[in-house]
Amino acid sequence: MQLKKVNISTLLLALTMAVMLTLAPGTASADNKPEKVTVIYGGSSWLGHYPAWVGMEKGLFKKHGLGVLFQNFYASSGRMGSLIAGDLDVASTGSISAIALMAVGNKSFFAFGTQDSYATVEGIIARDGINSLKDLKGKKLAAPFASSAHVLVLDLLQQAGLDPEKDLTLLNLKVNEMPAAMSSGEIDACAAWTPHFNKLLNMKGNHLLANDTEFSLYKKYKLGPGPDLLVVRKDFAQKYPNTCNAFVKGYFEAIDMLINKPEECAQVLVKLTNLNMEDQMTVLKDIEWIPGSKQKALMSDPGDFVKGMQKLGDFLTRHGQIDQSPMVKDWVTTDMLP
């Protein structure tokens, strides 16, 4: 395969293709029936999409008169690009891509919740002989650019006193391409998230170099390199408020099921992740799910999560990943929350 170096600012600024919309969410009608019975959701096999998948597989959305079409994307940058282009209605995204769009003033979407808190499910995996971050000097390290893994890499390299432009070769690579690249010796290390993170760790000759608990903001604020964020297209929220409410009800019922019946959920999640039951249960144990009852406290006035997102925006600005830190609360709505 061909590996290319890509400028992260180019990837992030490419997301500004959408027309900027400023409509607020509408008010639901009295009968509360979904105006549109199918929602197009942007997801992947990442843990942040487990609630949507469980809601589909366990019939929780259907109970509220709603069908959900699950569209797969390998990274949040592509997912957010599709959302603002009008090809998706609702999505979960790594917050970095959302913040990047906020930073360039794109107001075609709302942020309305955060479904989880996690640690130890994302990190740098290295081949034998690389025993510290400093050992990456002169090596080839891959990460999906414009992603949480990329930001984690930049932060950890800085902590180790390494310059990604001079001391090593930093390559842009999709997470699903990393196992083959590691096996063939094309790269010496890579940064990935679950389930690929787990698969890479299980490969012979690979070991964990550092995980997301080493991220500087995690050490100080318990904030990971790319917290999960629920987003909705603004014009969709304005046009179909009952549909959005039905989605939110089914979604947070799925979170309740993940909290209370993890083994039952794992049985359907393995179809999404291709993990075995043991690994799937291990991932689930590393996740703290945030129920609907706690969402408004996190997202308003502004809440603690919004404050954390603001710190992440400031962090990205300091590291030259965005030109300026946006006022994150200006993109937050709590109108859709329970």
Side-chain angles (χ1 to χ4, degrees), residues 41-63 67-76 79 91-94 114-127 144 147-149 152 174-183 190-213 224-228 230 250-292:
Y41 173 87
S44 73
S45 55
W46 165 249
L47 63 86
H49 306 288
Y50 289 2
W53 187 264
V54 168
M56 291 168 52
E57 291 290 313
K58 304 302 289 187
L60 302 178
F61 294 119
K62 187 177 181 180
K63 183 174 72 172
V68 175
L69 179 61
F70 193 102
Q71 298 278 5
N72 261 303
F73 293 82
Y74 89 92
S76 290
R79 191 176 307 116
S92 172
T93 181
T114 179
Q115 65 272 45
D116 58 62
S117 177
Y118 61 87
T120 74
V121 293
E122 182 173 25
I124 299 177
I125 297 98
R127 300 172 66 187
S147 73
S148 58
L152 178 63
K174 297 178 181 179
V175 289
N176 62 340
E177 296 174 340
M178 290 177 180
M182 288 288 282
S183 294
C190 57
W193 50 77
T194 188
H196 303 285
F197 175 75
N198 305 75
K199 294 174 182 177
L200 285 157
L201 280 177
N202 289 334
M203 290 172 55
K204 186 177 180 180
N206 289 353
H207 66 278
L208 180 65
L209 196 60
N211 64 27
D212 44 15
T213 63
D228 287 322
L230 294 168
Y251 188 90
F252 284 106
E253 285 175 11
I255 285 183
D256 291 340
M257 181 173 281
L258 281 159
I259 293 171
N260 298 314
K261 300 179 180 179
E263 289 190 12
E264 184 176 338
C265 292
Q267 290 172 358
V268 299
L269 286 169
V270 293
K271 293 188 288 184
L272 173 69
T273 64
N274 291 317
L275 294 174
N276 58 46
M277 276 293 291
E278 182 180 357
D279 285 344
Q280 187 64 74
M281 288 301 298
T282 297
V283 173
L284 285 174
K285 289 175 182 177
D286 289 328
I287 307 167
E288 178 185 350
W289 297 107
I290 305 173

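Keep in mind that this is a model prediction, so the values were computed, not measured.
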Worksheet, complete the sentence: In Asn176, Leu200, Val175, Thr273, the residue satisfying side chain to side chain contact (heavy atoms under 4.5 Å, CB included) with Pro195 is Thr273

Worksheet item: Looking only at heavy atoms, which two atoms of Gln115 and Gly48 are closest? And how far apart?
Response: NE2-O, 2.7 Å

Practice prompt. Verify whether the ring centers belonging to Trp46 and Tyr118 lie closer than 6.0 Å.
Written response: yes

Worksheet entry | Separation between OG1 of Thr194 and CG of Asp286, rounded to the nearest 0.5 Å | 8.5 Å

Practice prompt. Locate the shortest heavy-atom distance separating Glu57 from Val268; write the atom from each residue and the value.
Written response: CB-CB, 3.9 Å

Worksheet item: Less than 4.5 Å apart, any side-chain heavy atom of Asn206 and any of Arg127?
Response: yes

Discussion item. Restricting to salt bridge (charged side-chain N to carboxylate O under 4.0 Å, His left out), what partner residues turn up for Lys63, sequence neighbours left out?
Written reply: Glu253

Worksheet item: Quick one: does Ile255's side chain get under 4.5 Å of Ile290's, heavy atoms only?
Response: no

Worksheet item: Any sub-3.5 Å donor-acceptor pair from Asp212's side-chain atoms to Thr120's backbone N or O?
Response: yes

Worksheet, complete the sentence: CD of Gln267 to CD of Glu263, rounded to nearest 0.5 Å, is 7.5 Å

Worksheet item: Nearest heavy-atom pair of Thr213 and Ala119: which atoms, and what distance?
Response: CG2-CB, 3.8 Å

Worksheet item: Just wondering, do Val121 and Ile287 contact through their side chains at under 4.5 Å, heavy atoms?
Response: no

Item to complete: Ignoring hydrogens and angles, tell me if any N or O in the side chain of Asn260 forms a donor-acceptor pair with the backbone of Asp256 under 3.5 Å.
Response: yes

Worksheet entry | CG-CG distance between Asp279 and Leu284, expressed to the nearest 0.5 angstrom | 11.0 Å

Fill in: Minimum-distance pair of heavy atoms, taken over all atoms of Phe252 and Gly292
CD2-N, 3.4 Å

Discussion item. Tell me whether Glu122 contacts the main-chain N or O of Phe197 through its side chain, where contact means a donor paired with an acceptor under 3.5 Å.
Written reply: no

Worksheet item: How many angstroms lie between CG in Leu269 and CE in Met277, if you round to the nearest 0.5 Å?
Response: 9.0 Å

Practice prompt. Could you grab the distance from atom CE of Met203 to atom CG of Asn198, nearest 0.5 Å is fine?
Written response: 13.0 Å

Worksheet item: Is there a donor-acceptor contact under 3.5 Å from the side chain of Arg79 to the main chain of Ser92?
Response: yes

Discussion item. Tell me whether the rings of Tyr41 and Phe70 are parallel (<30°), tilted (30 to 60°) or perpendicular (>60°).
Written reply: tilted

Worksheet item: Hey, does Met178 have a side-chain heavy atom less than 4.5 Å from the side chain of Pro144?
Response: yes

Worksheet, complete the sentence: For Leu201 and Leu208 the tightest heavy-atom approach is CD2-N, 3.6 Å

Worksheet, complete the sentence: One should read off an interatomic distance between His49 NE2 and Met56 CE, to the nearest 0.5 angstrom, of 12.5 Å

Worksheet item: Looking at Ala254 and Gly55, what are the two nearest heavy atoms and their distance?
Response: CB-N, 3.8 Å

Discussion item. Does the plane of the ring in Trp289 sit parallel, tilted or perpendicular to the ring in Tyr50? Use 30° and 60° as the thresholds.
Written reply: tilted

Worksheet item: Are the side chain of Ser148 and the backbone of Gly226 linked by a donor-acceptor contact shorter than 3.5 Å?
Response: no

Discussion item. Treating Trp53 as the side-chain partner and Ser45 as the backbone partner, does any N or O pair qualify as donor plus acceptor under 3.5 Å?
Written reply: no

